Engineer: 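This is the structure I have questions about; it appears just below.
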Amino acid sequence: MARLPGTEGDGEIADRVRARRGGSLHPLDRMLLHSPPVADGWNSLLGAVRGRLSLPADLRELVVLRIAVLNRAPYEWAAHEPEARRAGASDAQLAEVRKEKPEFEGRIARVIAYTDAMTRDVQVPDPVFDALRADFDETGLAELTATVAVYNMVSRFLVALDIQP
């Protein structure tokens with residue numbers, strides 16, 4: 001059981017969150033709405049990361065799932081596994097991303113290595129970052145970095161408040 005009760009989600013901020021979510025509030029939203037200014041900023045940031053970046057959806061969702069594994073955030077996994085599948089992730093990729101040391105190839109391997117470094121160690125070794133330069137321009141690198149950072153924020157909120165699927 002979550003450490004805080006969910007809120008009902010009244011008011012214009014809750015309405016904006018509902019609009020981004022397609023009409024309903026998720027348990028995460030009900031926790032965030034304990035602080036409407038936080039919920040409003042969160043909604044805007046996640047709306048941008050999910051809907052306005054050039055980062056391909058398949059990579060974004062594998063990043064989110066990897067973070068869910070590393071940070072032991074089952075809610076995040078449950079919320080994003082269907083999204084990953086819709087973006088084209090295979091059963092094999094979903095199984096691989098759960099491993100302690102996943103063995104992907106090419107761009108996915110480099111993205112997962114970057115996600116692991118940012119999530120586990122915060123500081124990213126130069127060789128890990130430099131390996132991504134062939135895959136992304138500066139905008140792509142900034143967007144990948146923001147995506148990893150944002151979903152670490154999400155998982156930490158979920159785990160700290162024990163929000164479960």
Side-chain angles (χ1 to χ4, degrees), residues 1-89 93-94 97-99 102 108 111-124 132 136 138-165:
M1 175 158 234
R3 290 181 165 162
L4 298 175
T7 62
E8 290 302 314
D10 298 324
E12 70 180 59
I13 292 170
D15 290 343
R16 282 197 292 274
V17 175
R18 278 189 194 88
R20 181 177 68 83
R21 294 284 201 184
S24 62
L25 295 176
H26 295 197
L28 170 61
D29 305 322
R30 294 182 183 286
M31 291 295 167
L32 288 165
L33 283 162
H34 280 292
S35 173
V38 170
D40 202 25
W42 191 291
N43 188 53
S44 179
L45 177 60
L46 269 288
V49 169
R50 294 213 50 78
R52 297 196 308 263
L53 303 186
S54 62
L55 187 67
D58 62 331
L59 287 177
R60 180 191 65 229
E61 295 306 322
L62 287 175
V63 162
V64 174
L65 292 177
R66 183 64 180 160
I67 292 165
V69 169
L70 294 174
N71 290 340
R72 297 176 305 280
Y75 180 101
E76 195 166 41
W77 181 278
H80 286 271
E81 181 181 355
E83 296 290 329
R85 289 183 185 282
R86 278 191 287 279
Q93 286 175 316
L94 296 179
V97 82
R98 286 183 176 273
K99 293 180 179 178
I108 294 174
V111 166
I112 295 300
Y114 188 63
T115 301
D116 283 11
M118 280 187 67
T119 303
R120 288 180 167 148
D121 304 321
V122 182
Q123 292 183 331
V124 177
L132 290 170
F136 299 97
E138 291 175 354
T139 298
L141 288 167
E143 290 179 354
L144 174 61
T145 303
T147 300
V148 175
V150 164
Y151 279 98
N152 268 291
M153 173 186 75
V154 172
S155 67
R156 285 170 167 84
F157 188 88
L158 292 166
V159 171
L161 292 180
D162 199 22
I163 302 168
Q164 297 296 320

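Predicted model, so just to flag it, every value in this text is computed and none were measured.
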Engineer: Does atom CZ (Arg156) have a neighbourhood of more than 12 heavy atoms from anything else shown, all under 6.0 Å?
Structural biologist: yes
Engineer: Rounded to the nearest 0.5 Å, what separation is found between the CG atom of Leu32 and the CG atom of Leu46?
Structural biologist: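 Interatomic distance, Leu32 CG to Leu46 CG, rounded to 0.5 Å: 8.5 Å.
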Engineer: Between the side chain of Asp29 and the main-chain N/O of His26, is any donor-acceptor distance below 3.5 Å?
Structural biologist: yes
Engineer: Where the side chain of Arg85 meets the backbone of Leu94, is there a donor-acceptor pair that is under 3.5 Å apart?
Structural biologist: no
Engineer: Measuring from Leu144:CG to Leu59:CG, what's the distance to the nearest 0.5 Å?
Structural biologist: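 Between Leu144 CG and Leu59 CG, I get 8.0 Å after rounding to 0.5 Å.
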Engineer: Hey, what do you get for CG (Asp162) to OH (Tyr75), rounding to the nearest 0.5 Å?
Structural biologist: 13.0 Å
Engineer: Quick one: do Leu45 and Met153 satisfy side chain to side chain contact (heavy atoms under 4.5 Å, CB included)? Show the steps, please.
Structural biologist: CA-CA 11 Å; Leu45 177 60; Met153 173 186 75; 4.0 Å; yes
Engineer: With rounding to the nearest 0.5 Å, note down the distance linking CD in Glu81 to CG in Leu65.
Structural biologist: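 Those atoms lie 7.0 Å apart.
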Engineer: Is Glu61 paired with Arg50 through a side-chain N to carboxylate O contact shorter than 4.0 Å?
Structural biologist: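 Result for this pair is yes, salt bridge flagged.
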Engineer: Please name the pair of heavy atoms, one in Val17 and one in Ala39, separated by the smallest distance, quoted to 0.1 Å.
Structural biologist: CG2-O, 4.4 Å
Engineer: If only atom types and distance count, is the side chain of Ser44 paired as donor or acceptor with the main-chain N or O of Gly41 below 3.5 Å?
Structural biologist: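 Here the side-chain-to-backbone pair does not exist.
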Engineer: Please evaluate residues Leu28 and Arg21 with respect to the criterion side chain to side chain contact (heavy atoms under 4.5 Å, CB included), reporting the C-alpha separation (whole Å), side-chain torsions for both, the decisive distance (0.1 Å), and the verdict.
Structural biologist: CA-CA 11 Å; Leu28 170 61; Arg21 294 284 201 184; 4.1 Å; yes
Engineer: Can Val64 and Glu76 be said to form a side chain to side chain contact (heavy atoms under 4.5 Å, CB included), step by step?
Structural biologist: CA-CA 8 Å; Val64 174; Glu76 195 166 41; 3.9 Å; yes
Engineer: State the CG-NE2 distance between Leu161 and His34, to the nearest 0.5 angstrom.
Structural biologist: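 So the gap between those two atoms works out to 8.5 Å.
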Engineer: Taking the six-membered ring of Trp77, is the NZ or CZ of Arg66 close enough (under 6.0 Å from the centre) and on axis enough (within 45°)?
Structural biologist: no
Engineer: Working to the nearest 0.5 angstrom, can you tell me the gap between Asp40 CG and Glu12 CD?
Structural biologist: 7.5 Å
Engineer: For the residue pair Trp42 and Val154, what are the closest heavy atoms and their distance?
Structural biologist: CZ2-CG2, 3.6 Å
Engineer: Between Tyr151 and Thr119, does any side-chain donor sit less than 3.5 Å from a side-chain acceptor?
Structural biologist: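 Not at all, the side chains of Tyr151 and Thr119 share no donor-acceptor pair under 3.5 Å.
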Engineer: Over all heavy atoms of both residues, which pair between Val148 and Ile67 is shortest? Give the atoms and the distance, please.
Structural biologist: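 Minimum heavy-atom contact is O-CD1, 3.6 Å.
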Engineer: Checking side chain to side chain contact (heavy atoms under 4.5 Å, CB included) for the pair Glu143/Ser54: CA distance, chi angles, key distance, verdict?
Structural biologist: CA-CA 8 Å; Glu143 290 179 354; Ser54 62; 2.6 Å; yes
Engineer: Does any part of the side chain of Pro82, heavy atoms only, come nearer than 4.5 Å to the side chain of Arg86, both counted from C-beta?
Structural biologist: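 Yes, their side chains come closer than 4.5 Å.
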Engineer: Any side-chain heavy-atom pair from Asp58 and Leu62 closer than 4.5 angstrom?
Structural biologist: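 Asp58 vs Leu62: side chains apart.
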Engineer: Should Tyr114 and Val63 count as side-chain neighbours, where that means a heavy-atom distance under 4.5 Å?
Structural biologist: no
Engineer: Might you point out which heavy atoms bring Ala160 and Arg3 nearest each other, and give the distance in Å?
Structural biologist: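 Closest heavy-atom pair between Ala160 and Arg3: O-NH1, 2.7 Å.
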Engineer: Tell me the closest heavy-atom pair linking Val49 and Val150, and the distance in Å.
Structural biologist: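 Where Val49 meets Val150 most closely, the heavy atoms are CG2-CG2, 4.0 Å.
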Engineer: Between Asn43 and Arg20, do the side chains contain a donor N or O and an acceptor N or O under 3.5 Å apart?
Structural biologist: yes
Engineer: Looking only at heavy atoms, which two atoms of Leu25 and Ala14 are closest? And how far apart?
Structural biologist: CD2-O, 3.9 Å
